[in-house]
Protein chains: 2
Amino acid sequence: MRGYEVKEKRTTKIDIAQKLNLSIATVDRVFNNRGSVSPRTRELVLEAARELNYIPNKNAKYLSKKVRCNIGISYLLPEWFGSQVERGIQQAYEEFRDFGMQLIISKDALDEKEQIRKIREMLPEIDALAVAPWEPGTEFSDFINSLIDSGIPVVTFNNDMPLSRRLMYVGSDYVVAGRCAGQLMDAFLEHRGEAGIVIRSEHLTNMGQRVAGFRNYLSENSGIRAQGPFKVHGNMESVAEQVKEILVRYPQMRGIFVASDNLVRVADALKALGEEEKVSLVGYDLNEEHAELLREGRVRSVICQEPYRQGYEPVKVLFDYLMEGRLPVQNEIITKMEIVMRENLEGYYKEMKGDV
Amino acid sequence: MRGYEVKEKRTTKIDIAQKLNLSIATVDRVFNNRGSVSPRTRELVLEAARELNYIPNKNAKYLSKKVRCNIGISYLLPEWFGSQVERGIQQAYEEFRDFGMQLIISKDALDEKEQIRKIREMLPEIDALAVAPWEPGTEFSDFINSLIDSGIPVVTFNNDMPLSRRLMYVGSDYVVAGRCAGQLMDAFLEHRGEAGIVIRSEHLTNMGQRVAGFRNYLSENSGIRAQGPFKVHGNMESVAEQVKEILVRYPQMRGIFVASDNLVRVADALKALGEEEKVSLVGYDLNEEHAELLREGRVRSVICQEPYRQGYEPVKVLFDYLMEGRLPVQNEIITKMEIVMRENLEGYYKEMKGDV
DNA sequence: CTGAAAGCGCTTACAG
DNA sequence: CTGAAAGCGCTTACAG
């Protein structure tokens, strides 16, 4: 690739075989550790390979290989997020299908129980599993370990399962995601005043981590007092009512951090209350509605976490593991925190829509 | 890929040929428009392909194809930026080399004249060119057009050549990059006061666009008065002197937008002047020094523009064009504006270092 | 421990 | 307009 020295034909196993007066099968053996080769021959082959700068041809390899690899994928995510993850999966599929990869996708489970049942169903068909668990609980952790024990490597994404022996996790660090929101809020509120934290009714580990990160950042770096977390849920009217109560109780409040997926309703509530100008909103993720809120200046910033890559990487990692026996270098890929504001929205919006 | 319908072997050209009692050569002809095929046969083949859901196998295709494709790449960029671009190039190379792609890279030119000369040198060897021009001038534009006329498709990256008939541009929109910096500055300075703009001595189109974007954003959205642009250059002492003059002249100044690549020196100047706390810095791009400045809180934010992708995409686009005859859907890929602050630095830092 | 041969799914002359 | 055959660089039984 370097400089101008080009044009020479690539070295093949055949070249090495000819040079050493060996059969190509023997050469293949030393590279793939199948069958046995005398130490002397082995040495010669490796040396010749080094000398001729041999790089195996993946095309030929996978074309001739008989083994296929079937990867199961299971997740339950809101549609607008899931569809972005899916584009990453699709990309990986197109990249690897000619190499013998097949995908079995299950995404329509309603709860953890059903997710487990669906994964069990696909078990006879798959050699590996990529899964976005609902919550990092013990039961699901045990389930994952049982899969691993039965020889199915597992990669988690979007939501980790740290107690399990998963091969890898691909997704956000939710504490950092919270700190990030804290830093933005700090800038928007000019280091002072009060900021409220909004969560949803059920407890979710993710959300708890976001809240903790947010609070920590502010207490370490800012004069802003964080209030809450407030559980805000229900329909439009009920959200408006709850937001109103919060603002009445904390008249100094000039920012709201929405750690849940309720950003749109909170924004609408502020509008209904005529408090839009006064209160800065920070939340997560991009969809059609969030984009509109950013454009209108009704949300100051939203933090995204590479949804596309959360689909692509697990498939890639599992493929490499199954087909090449390659262990991932680290045991997690933490996605970047993408700070999206009005002026840099359009690039992320395009990506979200899939017209890159 | 969808659902559970898996396991069936992929349809091949052989399957289609057998089903229709044709030779595989004929089937191949209809897919690749080589040689002539009777309209009737053509119809039958296409119908069968649709019915059997035929997808050609890229592996087999490129393994048997005789044509190679040699892509020339020419850029002159600061090392720390260039090395990130290069990782994208490397990635594309690894993805496509088995498909018959070779790269000829030239990156050591000192000026435009030399860059043109070096490209001329590699001309006999290449089928396409990806180039990051120094400045979007007319002369270089004519040069690019002459290449295109002689049958060499050209993709520009990092720096566009809008007057030329290049196939595509991959890189930043510098006006938007300026607006983005304006929005950040507006938040950091709480919508008021003065912000200075720092550029370097020579006029560069890029930098002019950044400055214009910055000013426009502020005048449309903020109470901040933009001052400058000030030409700041030379060694450490001279930069410190110039920065000092600016601050003396504009005592209200609480932010500096560095549109040039002088961020480190300006930051050091502020430190030497004891004005670090008072003045918020915003600049571009990530390298080891910028990362350190962000960690220390001496720079508030830096805007990056997907350097990795600026290397990857041009190679991919040219490969698809040469080997598949595929025209790009749009004629530009505008990279995203990545807002990097202290709390979300580490993800970008890792990417910059290449240990993803 | 080593080799000869078939085959993966396609393209490419060559022949008709 | 169509077909038979060799070949791309590897893997995979099978044989020795």
Side-chain angles (χ1 to χ4, degrees), chain A residues 8-46 48-49 52-69 96-102 322-325, chain B residues 8-46 48-49 52-69 96-102 322-325:
Chain A
E8 340 95 36
K9 179 177 158 304
R10 269 248 303 263
T11 307
T12 69
K13 284 197 167 70
I14 306 176
D15 297 332
I16 298 180
Q18 276 175 349
K19 177 175 166 134
L20 299 178
N21 249 319
L22 284 170
S23 78
I24 138 177
T26 300
V27 175
D28 186 67
R29 280 189 191 93
V30 358
F31 286 115
N32 293 293
N33 301 314
R34 60 176 141 257
S36 34
V37 185
S38 83
R40 166 107 184 103
T41 313
R42 199 186 142 73
E43 252 327 299
L44 285 172
V45 169
L46 288 176
L52 299 174
N53 188 26
Y54 171 68
I55 300 169
N57 184 314
K58 270 196 289 179
N59 273 339
K61 173 172 185 175
Y62 289 116
L63 184 60
S64 65
K65 232 181 158 80
K66 292 291 173 295
V67 202
R68 312 275 98 163
C69 97
F96 298 122
R97 75 175 159 212
D98 290 339
F99 293 170
M101 192 184 74
Q102 298 207 286
L322 287 175
M323 299 296 269
E324 304 280 2
Chain B
E8 337 96 38
K9 178 179 159 301
R10 269 245 306 260
T11 306
T12 68
K13 283 198 170 68
I14 307 176
D15 297 332
I16 298 180
Q18 276 176 348
K19 173 173 169 138
L20 299 177
N21 249 318
L22 285 169
S23 80
I24 140 176
T26 301
V27 175
D28 186 66
R29 281 189 189 93
V30 358
F31 286 115
N32 293 293
N33 303 315
R34 59 175 140 260
S36 35
V37 185
S38 84
R40 166 107 185 102
T41 311
R42 200 185 140 73
E43 253 327 299
L44 285 172
V45 169
L46 288 177
L52 298 174
N53 188 27
Y54 172 67
I55 300 168
N57 185 314
K58 272 195 289 180
N59 273 340
K61 175 172 183 174
Y62 290 115
L63 183 60
S64 65
K65 232 181 159 80
K66 292 289 174 297
V67 204
R68 311 275 101 162
C69 97
F96 298 122
R97 75 174 160 213
D98 290 338
F99 294 168
M101 192 184 75
Q102 297 208 286
L322 287 176
M323 299 296 268
E324 305 279 3

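Letters go in sequence order (proteins before strands), and every chain restarts at 1.
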> Can you check whether B/Arg97 reaches A/Ile55 side chain to side chain, under 4.5 Å on heavy atoms?
yes
> Treat a base pair as Watson-Crick or G-U wobble with both distances under 3.5 Å, then lay out DNA chain D in dot-bracket form, 5' to 3', with | for cross-strand pairs.
|||.||||||||.|||
> Base, sugar-phosphate, or nothing: which does B/Asn32 touch, judged by heavy atoms less than 4.0 Å apart?
sugar-phosphate
> Quick one: which protein N/O atoms are closer than 3.5 Å to N/O atoms of nucleotides 14-16 of chain D? Pair and distance per line, please.
none

> Which comes earlier along DNA chain D counting from the 5' end, the contact point of A/Asn59 or that of B/Thr26, where each point is its nearest nucleotide?
B/Thr26
> Under the 3.5 angstrom rule, does the side chain of B/Ser64 hit a backbone N or O of B/Ala60 as a donor-acceptor pair?
yes
> What is the distance, to the nearest angstrom, from the CZ atom on A/Arg42 to the C1' atom on C/dC1?
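About 14 Å, once rounded to whole Å.
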> Considering every strand and a 4.0 Å limit on heavy-atom distances, what is the contact class for A/Ile24: base, sugar-phosphate, or nothing?
base
> What is the distance, rounded to the nearest whole Å, between atom CD of A/Gln18 and atom P of D/dG9?
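To the nearest whole Å, that distance equals 11 Å.
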> Keeping B/Asp98 on the side-chain end and A/Asn57 on the backbone end, is there a donor-acceptor pair under 3.5 Å?
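Absent.
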> Quick one: sort the A/Tyr54 and A/Phe31 rings into parallel, tilted or perpendicular, breaks at 30° and 60°.
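A/Tyr54 and A/Phe31: tilted rings.
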> In whole Å, I'd like the distance from the NZ atom of B/Lys61 to the P atom of D/dC10.
21 Å
> Could you check which of D/dT2, D/dT12, C/dG9 has an atom nearest any side-chain atom of A/Lys65?
D/dT12
> Using OP1 and OP2 only, check whether a side-chain N or O of B/Thr41 sits under 4.0 Å from D/dC1.
no
> Check this one for me: any side-chain N or O of B/Tyr54 less than 4.0 Å away from OP1 or OP2 of C/dC10?
yes
> Taking salt bridge (Lys or Arg N to Asp or Glu O under 4.0 Å) as the definition, give me every residue that meets it alongside B/Lys19, ordered by chain and number, with sequence neighbours left out.
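For B/Lys19 the salt bridge (Lys or Arg N to Asp or Glu O under 4.0 Å) partners, ignoring immediate neighbours, are B/Glu51.
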> Are B/Glu324 and B/Lys58 ion-paired here, with the side-chain N under 4.0 Å from a carboxylate O?
no
> So, do B/Ile16 and B/Leu20 sit near enough that their side-chain heavy atoms are less than 4.5 Å apart?
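A side-chain contact exists here, since the closest heavy-atom pair is under 4.5 Å.
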> Measure the distance from CZ on A/Phe31 to P on D/dC10 and round it to the nearest whole Å.
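Distance, rounded to whole Å: 9 Å.
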> I'd like to check A/Thr41 versus A/Val30 (side-chain heavy atoms, cut-off strictly below 4.5 Å). Are they in contact?
no
> Under 4.5 Å between any side-chain heavy atoms of B/Thr12 and B/Asp15, yes or no?
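Heavy-atom side-chain distance check passes, below 4.5 Å.
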> With a 4.0 Å cutoff (strictly under), does any side-chain N or O of B/Ser36 reach OP1 or OP2 of D/dC1?
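So the side chain of B/Ser36 is within the cut-off, an N or O lying under 4.0 Å from OP1 or OP2 of D/dC1.
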> Between atom CG in A/Asp98 and atom P in D/dC10, what is the gap in whole Å?
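After rounding, the reported distance stands at 18 Å.
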> Whole-Å distance between C/dT2 P and A/Arg40 CZ?
11 Å
> According to a strict under-4.0 Å criterion, is A/Ser23 in side-chain N/O contact with OP1 or OP2 of C/dT2?
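Checking A/Ser23 against C/dT2: no side-chain N or O falls below 4.0 Å of OP1 or OP2.
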> Between atom CD1 in B/Ile55 and atom C1' in C/dC10, what is the gap in whole Å?
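So the CD1-C1' distance, B/Ile55 to C/dC10, works out to 15 Å.
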> Side chain of B/Ser64 only, heavy atoms from C-beta on: which candidate in C/dC1, C/dC10, D/dC1 is closest?
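Output: C/dC10.
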> Return whichever of A/Pro39 or A/Ala25 has its heavy-atom-nearest nucleotide of DNA chain C closer to the 5' end.
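Closer to the 5' end of DNA chain C: A/Pro39.
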> Could you tell me the separation between the OH atom of B/Tyr62 and the C1' atom of D/dG7, rounded to a whole number of Å?
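B/Tyr62 atom OH is separated from D/dG7 atom C1' by 19 Å.
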> Judged by atom type as modelled, is there a donor-acceptor pair below 3.5 Å linking the side chain of B/Asn32 to the main-chain atoms of B/Arg29?
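A pair under 3.5 Å: no.
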